[in-house]
Structures are given as C-alpha cells and as structure tokens.
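Basis for what follows: all heavy atoms, side chains included, without hydrogens, waters or symmetry-related copies. Residue numbers start at 1 and run along the sequence shown. Note that the coordinates shown come from a computational prediction; the quantities given were computed from them, not determined experimentally.
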Amino acid sequence: MKKFRFKLETLLGVTRRKKEDAERLFAEATRKLEEERARLVDLLQEMQRVQAEYTEQTREGKRISVGRLMTYTSYVNWKREQIEAQQQAIMQAQAERQKRLKELLELMSKLKSIEQLKEKRWQQYKEEVLFEESKQLDEIGLQLYMRKAGA
C-alpha cells in the first residue's frame, strides 16, 4: 500500500506560517494600543498635576502675573491638543488591532478547515489500508483452504 500523502500539505504549511505571522502582527498591534493608552494616562496625569498646581496657587491668594497666566493657558491648551491627538492615536491603534484580529480569525478558520480535511483524508486512508489488508488476508486464507482441500 502506498504511503499517506495529503495533497494540500503545502497549503497547510503556508497557512500555518500565515497564521503565525498574523498572531505576531496581532500581538504587536495589541502592544501598540497598550502603549498609546499608557501615553494618554501620562498626559492626563500631567494635566491634572498642572491644574492642581494652578488651583493651589490661586487658593493661597497669591497674585498671578498676566505673563504667568498666559503661559499657563498656553500650556493647558497645548496639553489638550496632545490629549486629543493621543485619543486619535488610540482610535487608530484600536482599528489596527481589530483589523489584525479579523485577519487572524480568518486564518485560524481556514487552517482549521484544512486540518479537518487532512484528518478526513487520513481516516479514509486508514479505512483503505484496512480494507486492503482484509482483502489480502482473505486471499491468503482462501489459498490455504485450497491447498488443504487439494492435498
């Protein structure tokens, strides 16, 4: 009997490699999203710190110069722009992660289908081998019976 050979073995190997690449890209996208979120947290904490300093200075009854007030206002506006930009970066990172997840899920589904097909073909092969072995044993049994009957 010939050896089992799955005709789609090359496709199976390529799909496995693509799935591994997709897993790596998904992990990178997830890491990037977490980095973007951490950056936003840092920016928000910095904004809170600056606002707390300003509030503390105004509570103490200290006079704030116009120059210092303008500097503070400019800084707060700049921080808000950074925060908005960071929120956009997070949305882009989330979209990229979703895209990578979708690709990964599609490849996992494709790989599962090919592996199921391979398993089905393997079962068919085993049945064929068992049938052939059974046929050969029947022939051997028949030949032995004919020899005994003829002797």
Side-chain angles (χ1 to χ4, degrees), residues 1-140:
M1 186 80 190
K2 62 184 178 180
K3 184 177 172 184
F4 175 73
R5 186 175 177 293
F6 183 56
K7 293 180 182 179
L8 301 175
E9 192 68 44
T10 304
L11 177 62
L12 182 61
V14 168
T15 305
R16 282 183 179 144
R17 282 189 293 283
K18 284 183 178 180
K19 179 187 158 263
E20 290 168 3
D21 290 343
E23 286 173 338
R24 182 183 48 76
L25 291 172
F26 176 69
E28 287 176 11
T30 300
R31 180 191 49 76
K32 172 87 168 147
L33 176 59
E34 293 306 314
E35 287 175 359
E36 297 294 352
R37 286 179 177 161
R39 173 93 170 108
L40 178 61
V41 168
D42 291 344
L43 289 170
L44 290 171
Q45 287 174 344
E46 177 66 18
M47 178 71 107
Q48 285 177 342
R49 185 187 62 75
V50 169
Q51 287 176 336
E53 285 177 11
Y54 178 76
T55 303
E56 183 180 316
Q57 287 181 359
T58 56
R59 263 194 225 153
E60 294 176 0
K62 293 182 183 176
R63 290 187 175 207
I64 299 175
S65 68
V66 173
R68 188 171 177 101
L69 183 60
M70 288 177 64
T71 302
Y72 169 77
T73 304
S74 295
Y75 182 78
V76 168
N77 288 335
W78 177 65
K79 275 295 173 193
R80 283 187 182 137
E81 289 173 5
Q82 283 185 316
I83 289 169
E84 287 174 17
Q86 193 59 34
Q87 288 170 335
Q88 288 296 320
I90 288 172
M91 289 181 6
Q92 289 174 348
Q94 285 173 330
E96 180 67 18
R97 183 179 179 274
Q98 282 302 112
K99 175 185 166 192
R100 297 299 179 187
L101 177 60
K102 183 180 176 194
E103 291 171 356
L104 176 59
L105 292 174
E106 287 172 359
L107 283 167
M108 288 172 70
S109 176
K110 184 176 180 180
L111 182 61
K112 185 177 180 180
S113 297
I114 297 170
E115 287 173 340
Q116 287 174 341
L117 182 61
K118 181 178 181 177
E119 182 60 30
K120 184 178 177 183
R121 295 284 191 261
W122 171 246
Q123 293 301 326
Q124 288 174 342
Y125 172 79
K126 288 192 328 188
E127 289 172 7
E128 289 172 9
V129 167
L130 287 173
F131 179 76
E132 287 295 320
E133 287 176 356
S134 175
K135 204 163 101 174
Q136 288 176 354
L137 289 173
D138 287 347
E139 282 183 31
I140 292 171

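The residues Glu23 and Lys19 are annotated as salt-bridged, a charged nitrogen and a carboxylate oxygen being separated by less than 4.0 angstrom. Contact check on Arg24 versus Glu20 returns no salt bridge, with no Lys/Arg side-chain nitrogen under 4.0 Å from an Asp/Glu carboxylate oxygen. Checked for salt-bridge contact, Glu36 and Lys32 meet the test: a charged N lies under 4.0 Å from a carboxylate O. A salt bridge links Glu115 with Arg16; the closest basic N to acidic carboxylate O contact falls under 4.0 Å. Of the charged side-chain nitrogens involved, at least one lies within less than 4.0 Å of a carboxylate oxygen, so that Glu35 and Arg31 count as a salt-bridged pair.
Note that OG1 of Thr30 is 8.0 Å distant from CG of Leu101, once rounded to the nearest 0.5 Å. In this structure, CZ on Phe131 lies 14.5 Å from CD on Gln124, to the nearest 0.5 angstrom. Atoms CD and CD1, on Glu9 and Ile114 in that order, are 10.0 Å from each other to the nearest 0.5 Å. Remark: Arg17 CZ to Asp21 CG distance equals 9.0 Å, nearest 0.5 Å.
By the 4.5 Å heavy-atom criterion applied to side chains, Gln51 and Tyr72 are counted as neighbours. Between Leu69 and Tyr54, the closest side-chain pair of non-hydrogen atoms falls below 4.5 Å. Using a 4.5 Å heavy-atom cutoff, the side chains of Lys112 and Gln116 are in contact. Gln48 places none of its side-chain heavy atoms less than 4.5 Å from the side chain of Leu44. Residues Met47 and Val50 fail the side-chain proximity criterion, which asks for heavy atoms closer than 4.5 Å.
The two residues Phe26 and Arg97 make their nearest non-hydrogen contact at CZ-NH2, 3.6 Å. The shortest non-hydrogen separation linking Lys18 to Leu107 is O-CD1, 3.5 Å. Residues Arg37 and Ile90 come closest through the heavy atom pair CA-CD1, 3.8 Å.
With hydrogens and angles ignored, the 3.5 Å screen pairs no side-chain donor or acceptor of Ser134 with any backbone N or O of Leu130. For Ser109 (side chain) and Leu105 (main-chain N/O), no donor-acceptor pair under 3.5 Å exists by modelled atom type.
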**Request:** Would you please test Leu8 and Lys118 for side-chain contact (heavy atoms from CB on, under 4.5 Å) and show each step?
**Result:** CA-CA 8 Å; Leu8 301 175; Lys118 181 178 181 177; over 6 Å; no

**Verdict with supporting geometry, Glu46 and Arg49, side-chain contact (heavy atoms from CB on, under 4.5 Å)** = CA-CA 5 Å; Glu46 177 66 18; Arg49 185 187 62 75; 2.5 Å; yes

**Request:** Show your working on side-chain contact (heavy atoms from CB on, under 4.5 Å) between Leu43 and Arg39 and close with a plain yes or no.
**Result:** CA-CA 6 Å; Leu43 289 170; Arg39 173 93 170 108; 3.6 Å; yes

**Message:** Apply side-chain hydrogen bond (donor to acceptor under 3.5 Å, both in side chains) to residues Gln82 and Lys79 and explain how you reach the verdict.
**Reply:** CA-CA 5 Å; Gln82 283 185 316; Lys79 275 295 173 193; 3.1 Å; yes

**Message:** Does Gln123 form a side-chain contact (heavy atoms from CB on, under 4.5 Å) with Glu119? I'd like the steps, not just the answer.
**Reply:** CA-CA 6 Å; Gln123 293 301 326; Glu119 182 60 30; 2.8 Å; yes

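Within a 6.0 Å sphere centred on OH of Tyr75, heavy atoms belonging to other residues, nucleotides or ligands number more than 12.
Exactly one of Gln94, Arg100, Gln98 qualifies for a side-chain hydrogen bond (donor to acceptor under 3.5 Å, both in side chains) with Glu96. That residue is Arg100.
Phe4 and Phe6 have parallel rings, their planes meeting at less than 30° on a 0 to 90° scale where 60° marks the start of perpendicular.
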